[in-house]
Every structure is written in structure tokens, then in C-alpha cells.
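In what follows, a structure is listed as C-alpha cells, so that the remarks can point back to it.
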Amino acid sequence: MNIEQLLKNAIKEAFKTVFQLEISDFTLQSPNKGFEGTHTFLTFPYTKTTAQPPEKVGEMIGEHLKNSPQSIIQQYNVTKGFLNVSLKDSIWIEFLQHASTEDTWHHFAPQNQRIMVEFSSPNTNKPLHLGHLRNIFLGDSLSKILTAVGYEVIKANLVNDRGIHICKSMVAYKNYGKGETPQDASIKGDKWVGSYYVRFEKEFKKGNLPKDKLLSALEKIIEQSPKNDYSLETLQDTLKETLQTHTPLWQEAQEMLQKWEQNDPETVALWKQMNQWVYEGFDKTYQSINIAFDKTYYESNTYLLGKDIVEEGLQKKVFFKKEDGSVWADLTPEKLDQKLVLRKDGTSVYITQDLGTADLKYNDFNIQKSVYVVGDEQEYHFKVLFAILKQLGRPYAEGLHHLSYGMVDLPSGKMKSREGTVVDADDLIEEMIQIAQQRTEESGMAKLNEIDEQELQKIYHQIGVGALKYFLLKVEPRKRMLFNPENSIDFEGDASPFVQYNYARTQAIIRKAKELNINYAEKIEKKQLEKAEQHLIQTIYQYKETLEKAAQQYAPSFIVQYVYDLARAYSRFFTECAIFKANTEEDTKFRITLTEQTGKILKRALQLLGIEAPERM
RNA sequence: GGUCUCGUAGCUCAGCUGGAUAGAGCAACUGCCUUCUAAGCAGUAGGUCUUUGGUUCGAAUCCAAACGGGAUCACCA
């Protein structure tokens, strides 16, 4: 049942009858605040074809709509080129009746397509922070949205478990760790390993080059500067990098990496041990925010992939070899540059590995689509990656998408691990739960007095984590967003506790209805709707199209906006319309039915965001 | 420097496939709990939609330029 389509058809029919005009498809809008109606039709585009001023067109169409035999229009009004129509209440009541008997009204047919959503993808040298949370919540929510519209979704995590970063932690642990374990120190494994990464950075800073070597290093840098960019910042960065490579500690890390690549048993054992600690820590974090993956890839298994694709690309003449033997992709037709895919010594680069991994994913799961949830600093990389895969004629190439998102900033600017300004994920989650508890104790304990302690803890957790997820999903992904640790994340207004609160209200009503043995699941006898009722039903109705839009555009933020709208519509209904003390029994039953449906959709929409809905709060 | 991206109320954000009087929340102010959950509801106040030009009957929205933030342009990942 598609109400918009009904109205559109009626309008098209009206044009045919009134003006003998076949009009092409158009979109309906919502009336602005202060204008009566449920839908708005714009008549501006038809002034020429009808040879009438916009007002006149509106009047004539409106009049026809209203007076046609099977009219679905209650009333209409015209201002300028805006024809605002109000659908008959019976349309909305019929919809609610349908929704309450057909639980599947918002379901989608299976797409018969598999889609992989890759997200989280942490490095194993430090704990998860606020930025990761934005990534994780986006990926998780998107997975749920895509599942809801009928895709078979595979949630994948590609862990960066190898490379120089983890070797740094290993070196530091070897030198200063004294064989201690995180268990000994009662520290979460990822925090433990992270502390050695920090230790490495600290120690190696002490071992700078003597000053006489600075000058020659500097000259070398200027010679090699690829972009002739002599800004102070660039020089400093490059200088630091050059100096790093001369410190003993750095060289130790390099050796460690080489040993690892040569499969040195002792090194591999240490590497496994440290990663294991990290995974144990990550698992705790994932658990606390209710995140799970269907598949975990490890770069230690994938970093050598892709070389055969380079070979294939050469044969297909997608790639070409330079004189020095390095292999390149020419993406100038795509307005991208040339891109190295294999070094002259035959070793691979980052993108080589990603080419291989793309094939691996396809072969493992036969996916038609693949979404990468990765920060916006890698936009160029993914443009290049996708362009190459397209040139190679991969069957999945059209279904590739980079869900790019901006960084989470602090009032002081960027989060920087070196300066210790990173907001730790576990700390933040813990803080959110505590605030939830504090809020509950301040305002709502009376409602919760018969609930046991364990259940209470669960509720605090749902509220705290929910508020965090909502906060991070609310903002459009491509925008940078601000987190101010001074003011805690909202628990009021446009925030998840408000939505959860309204869900809890719906459940309180349902409980009471059952207590009073009200049989509300009968045919609805209601004829006329209050404004708040009408608006609430209309908002429920919009769930399906919102979900579809969110899936099409990979945009969980649409669901956030929607769920807030729905909660607000319910809140208004709740205060304006008495349920158990309504004027008639029909009203009571109707309002309970409406409450039940609202509750279902609130819960469902929250679920799409990975947010749980407490039965009471 | 080239490319991409963002700039909307004091603050955080919606709105951007062109349409009416640009919306929420927070913060401020005013009402409303003997009545189903006040984490609420109703209201007041708050705006040169960064600027300038263009397209159009009509621009926060599209185009161009400027200014300001950010990213990227590695044989790093």
C-alpha cells in the first residue's frame, strides 16, 4: 500500500480530466510549518502547459481531487503555486489497521545479493579510540540497514596485525617488558600493548642524532624533497623521519620486521603473543558495544596478495612496466594520476595488497557489492583502487563503495595519540554508562523500584551506549564532527535516551492495557483523527521509505533523524491524547493500537542503529 | 600549487534531486507534574544560510570566483 502513489495517480488523473494533459512523474513535498495539509503539490511547472496561473491550476486540481467520486482528499488549500492537500483520515486509519494486522508491512523482498561491509579495521598497536567508534557504529548500522532491505550482509573486519607499528611495540616489550603479562598487571590486553608502543616512541626520541649529522641529513632531505615543498612543517617532518631511521631503537624495529617476514620463530611467537593480548582487549570493547563480525581478515595473511593481479594487468595491458622494472597503472583517463602497483624490486605496495584482498573477498563470499568504511584521508586511495578494478573488468567493480567519514575533533583540534589527546573508547563507554546511572537515579527511580540490580545495570548500559551511538551516527559521515569532553554527550532532546524513553512509555501503556484486559486488537472503529494522531500515523508510515533511502545512500543518519521524529510525534501524542481516560472506548483501543505500532517501529529503527530499547526507564 | 571536501542561530547539527515565513537540540527566558513515565509538553527570544557575481518566475540548495577550515597529491599503511 503506497499512499503517495495513490495521491500521485489521483493528481495525474485530475490533470487528464481537467486539462487533457498527461503529466510526467513528479515529487510531492511536505507542507511547511504553518500550512495545513499532509502533502504539497507544486503547480509552478504547469503554468505554461495549462496556460493558467499557478493559483488557478492549484484551485482547479484541488477542486477536482476533492469532488471526484472516490476522493482520498479531505480538504485542500492553495497559496501561490502550492497546493496543500489533506488526505482523508480514513486513509491513515486504514494504513494503521493494515500495519497492525500485517507485521511485515515494512519488510522488503530479498535482493538475492550479497554485500560485504568492511569496518573497524584497527591496527594492533594501540587501543580503540573515539574515531574508531565512529567507524564501527557506521559500519554496524549500515550492515543492519542493508540487511533490513533484503541484502545478505557480511560484516568484515580487516585487522592490520603486521608491520612496523606492531614491531615497535614488540621491541619495547622485549627491552622493557621484563616478561610481564597484562594479567600480571591487571591491564586490558590492548592497553597493555599500547603502552609499549608509547614507550617505544618515548625511548627512541631520546636517541637523536648528534648535531654534526643534522646538516648532511637536512641537505639530503632538500635534495629528495619530491614536491619542492620547503615549508617549515614539511622539513621538520621529513627531518624527523630521517633522524628516526638512524636511531638504534628504530633499527631494532626494522630488524624485527625483517625477522618477522623471514618467519623467525622467536619473533613470530612474540608477535602472536602480543596480538593475542590485543585481540582479547578488543573483544571486550566490541562486546561492551555489542558488535560482532562475520569474518575477520588479517593483513598478515593478505599482505602478499595481489602480485598475480599485477601480472594479469600487464597481460591485459591495463598496467605497464617502466624501464626500471616497476609496474604502473595509468589512470589519467579517469583524471587520476599514474599509480605504482609494484616496486622495481618486485615487492608490493599498499594498493597491491588491496587489489588482492578485493578478489579474496569476492572469491570467499561471491559478493556483488562491497562497502569500505574508512576515513576520508583515504579517499584518493579508494578512487584509484576502484578505478583499477574497473579497468581489470572485475564483475564486482560496479558495486564498490567507499563510505568515507570525517575525523572526530576535539575543541583543541585533532586528536593526536602522540600528545595524549586521544579519547579512549573504553573510558568513554564507561563514562556514558555512569552518566546514565546518575541520570536515572536523579529522575526515574520510582518507576524502576521493582527492578533488580542486574536489570538496572543492563538498562544503564543500554542508555549510555545508546546515547554514544546516536551521537556518532547523527552527523552526516562526510562531515568532521566535534566532541567536547567538557560537556557530556546529550541525554536530552535530540538524543537516544529521549527516543528510548518514548519507547519505554509505549511499553508502559501496553503493560497497563494488558493489566486492564483491554482487547484492543479489534477492528478499528475510529473515524476522525486528532492532529497528533494523524501526524503520528503519518510518521510511522514514513518508516519504510526512510529505510529505503538510508539503504540507497548508505546513510544511517537518515534513520537517526527519523527515529527522533517518530519519538517526538509520539511524545506529543502522549501528552495531547489521553489513552485510558479517552472520551470513548473506541478512542482508548485505537490509541493503544497506535501506541503498540509506534513502539514496534521505534524499537525496529533503534535496532538499525545498533541501539537497544529498554522496556522501562 | 593541482584535486576533493566543509562553511547555516551563542554552541552542536538538520535541511542541499531549486520552491512558501530556513528547522531541531543544547544554553537563556515563561508557563505546565493530586491525571497513562516531566529523560517530557507548550511558548518567547535568537539568522546578511562566509562573501561576491551568474542561471531561474524562484537559490541555503545549481554554476563561477574569492575568503576561511580540513584532507590528499609517497616506491607509507
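We name chains A, B, ... by the order of the sequence lines, and we start the count at 1 in each one.
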Inset, instruction - Tell me what Y380(A) touches on the nucleic acid: a base, only sugar-phosphate, or nothing, going by heavy atoms under 4.0 Å. - result: sugar-phosphate
Legend entry - Closest to the R480(A) side chain, choosing from C73(B), C41(B), G70(B): G70(B)
Inset, instruction - Taking atom types as modelled, find out whether D565(A) and T539(A) have a side-chain donor-acceptor pair closer than 3.5 angstrom. - result: no
Legend entry - C26(B) to C62(B) separation - P atoms, rounded to the nearest Å: 30 Å
Inset, instruction - For RNA chain B, write out the stems as range with range, using runs of 3 or more consecutive Watson-Crick or G-U pairs with both distances under 3.5 Å. - result: B:1-7 with B:67-73, B:10-13 with B:23-26, B:28-32 with B:40-44, B:50-54 with B:62-66
Legend entry - Verdict with supporting geometry, Y197(A) and F200(A), ring-ring contact (aromatic ring centres under 6.0 Å, His included): CA-CA 5 Å; Y197(A) 184 76; F200(A) 178 94; 7.2 Å; no
Inset, instruction - Taking only the side-chain heavy atoms of Y350(A) (C-beta and beyond), determine which of A38(B), C41(B), A77(B) contains the nearest atom. - result: A77(B)
Legend entry - Below 4.0 Å: OP1/OP2 of A39(B) and any side-chain N or O of Y501(A): yes
Legend entry - Interatomic distance at C1', G46(B) relative to A24(B), whole Å: 14 Å
Legend entry - Between A14(B) and U61(B) - C1' atom distance, rounded Å: 14 Å
Inset, instruction - Quickly work out the I435(A) CD1 to A39(B) P distance and round it to whole Å. - result: 17 Å
Inset, instruction - Looking at every strand, decide which applies to N487(A) at a 4.0 Å heavy-atom threshold: base, sugar-phosphate, or nothing. - result: nothing
Inset, instruction - Verify the contact: side-chain N or O of S571(A) to OP1 or OP2 of C41(B), cut-off strictly under 4.0 Å; return yes or no. - result: yes
Legend entry - Rounded interatomic separation in angstrom, taking CD from Q507(A) and P from C36(B): 18 Å
Inset, instruction - Indicate, with a heavy-atom threshold strictly under 4.0 Å, whether E576(A) touches base, sugar-phosphate, or nothing. - result: nothing
Inset, instruction - Compare all side-chain heavy atoms of H381(A) with those of I351(A) and state whether any distance is below 4.5 angstrom. - result: yes
Legend entry - E36(A)/K531(A) ion pair, N-O < 4.0 Å: yes
Inset, instruction - Take atom CG of D376(A) and atom P of C6(B), then tell me their distance rounded to the nearest Å. - result: 11 Å
Legend entry - Pair Y520(A)-E596(A), side-chain donor/acceptor within less than 3.5 Å: yes
Legend entry - Residue mapping more 5' on RNA chain B - nearest nucleotide basis, K48(A) or I351(A): K48(A)
Legend entry - Rounded interatomic separation in angstrom, taking CG from L448(A) and C1' from U37(B): 9 Å
Inset, instruction - Have a look at C63(B) and give me syn or anti from its glycosidic angle (syn if within 90° of zero). - result: anti
Inset, instruction - Could you check R505(A) against N160(A) and say which one's nearest nucleotide on RNA chain B is further toward the 5' end? - result: R505(A)
Inset, instruction - Could you give the distance separating U72(B) and A27(B) at their P atoms, to the nearest angstrom? - result: 36 Å
Inset, instruction - Indicate whether the side chain of S169(A) and that of N125(A) have a donor and an acceptor atom separated by less than 3.5 Å. - result: no
Inset, instruction - Using a 4.0 Å heavy-atom cut-off across all strands, classify L342(A) as base, sugar-phosphate, or nothing. - result: nothing
Inset, instruction - Have a look at Q338(A) and say if it touches a base, only the backbone sugar-phosphate, or nothing, with a 4.0 Å heavy-atom cut-off. - result: nothing
Inset, instruction - Would you kindly give the CG-to-P distance between N123(A) and C76(B), to the nearest whole Å? - result: 17 Å
Inset, instruction - Measure from the side-chain heavy atoms of T575(A) and tell me the nearest of A77(B), A39(B), C41(B). - result: C41(B)
Inset, instruction - Pick the C1' atom in A20(B) and in G15(B), then give their distance to the nearest Å. - result: 15 Å
Inset, instruction - Between C41(B), C75(B), U37(B), spot the one nearest the side chain of W328(A), thanks. - result: C75(B)
Inset, instruction - Would you give a per-nucleotide map of nucleotides 14-29 of chain B, 5' to 3', where B means the base has a protein non-hydrogen atom under 4.0 Å away, S means only the sugar-phosphate does, and - means neither? - result: SSB--BBB--SS----
Inset, instruction - Can you tell me, in whole Å, how much space there is between the C1' of U30(B) and that of A45(B)? - result: 11 Å
Inset, instruction - Report yes if the side chains of L473(A) and L138(A) come closer than 4.5 Å at any heavy-atom pair, otherwise no. - result: yes
Inset, instruction - Walk me through it: do F386(A) and H402(A) pass the test ring-ring contact (aromatic ring centres under 6.0 Å, His included)? - result: CA-CA 9 Å; F386(A) 296 166; H402(A) 174 203; 7.2 Å; no
Legend entry - Sugar-phosphate only, base, or nothing, as touched by M481(A) at under 4.0 Å among non-hydrogen atoms: sugar-phosphate
Inset, instruction - Give a yes/no on whether any side-chain N or O of R591(A) is located under 4.0 angstrom from OP1 or OP2 of C36(B). - result: no
Inset, instruction - Please state whether the rings of F41(A) and F26(A) are parallel, tilted or perpendicular, taking 30° and 60° as the class boundaries. - result: perpendicular
Inset, instruction - Evaluate side chain to side chain contact (heavy atoms under 4.5 Å, CB included) for F137(A) paired with L609(A), printing each intermediate quantity in order. - result: CA-CA 8 Å; F137(A) 295 156; L609(A) 303 172; over 6 Å; no
Inset, instruction - Could you walk me through whether I518(A) and F580(A) pass side chain to side chain contact (heavy atoms under 4.5 Å, CB included), step by step? - result: CA-CA 10 Å; I518(A) 299 174; F580(A) 296 104; 3.7 Å; yes
Inset, instruction - Round to a whole Å and report the spacing from CG of L385(A) to P of C76(B). - result: 18 Å
Inset, instruction - Could you check whether A578(A) gets within reach of a base, just the sugar-phosphate, or nothing at all, counting any heavy atom under 4.0 Å? - result: base
Legend entry - A71(B) versus A39(B) - spacing of their C1' atoms, nearest Å: 38 Å
Legend entry - Under 3.5 Å side-chain donor-acceptor pair for Q434(A) and Y460(A): no
Legend entry - Between U50(B) and C6(B) - P atom distance, rounded Å: 12 Å
Inset, instruction - Mind checking D354(A) for me? I need base, sugar-phosphate or nothing, with any heavy atom below 4.0 Å counting as a touch. - result: nothing
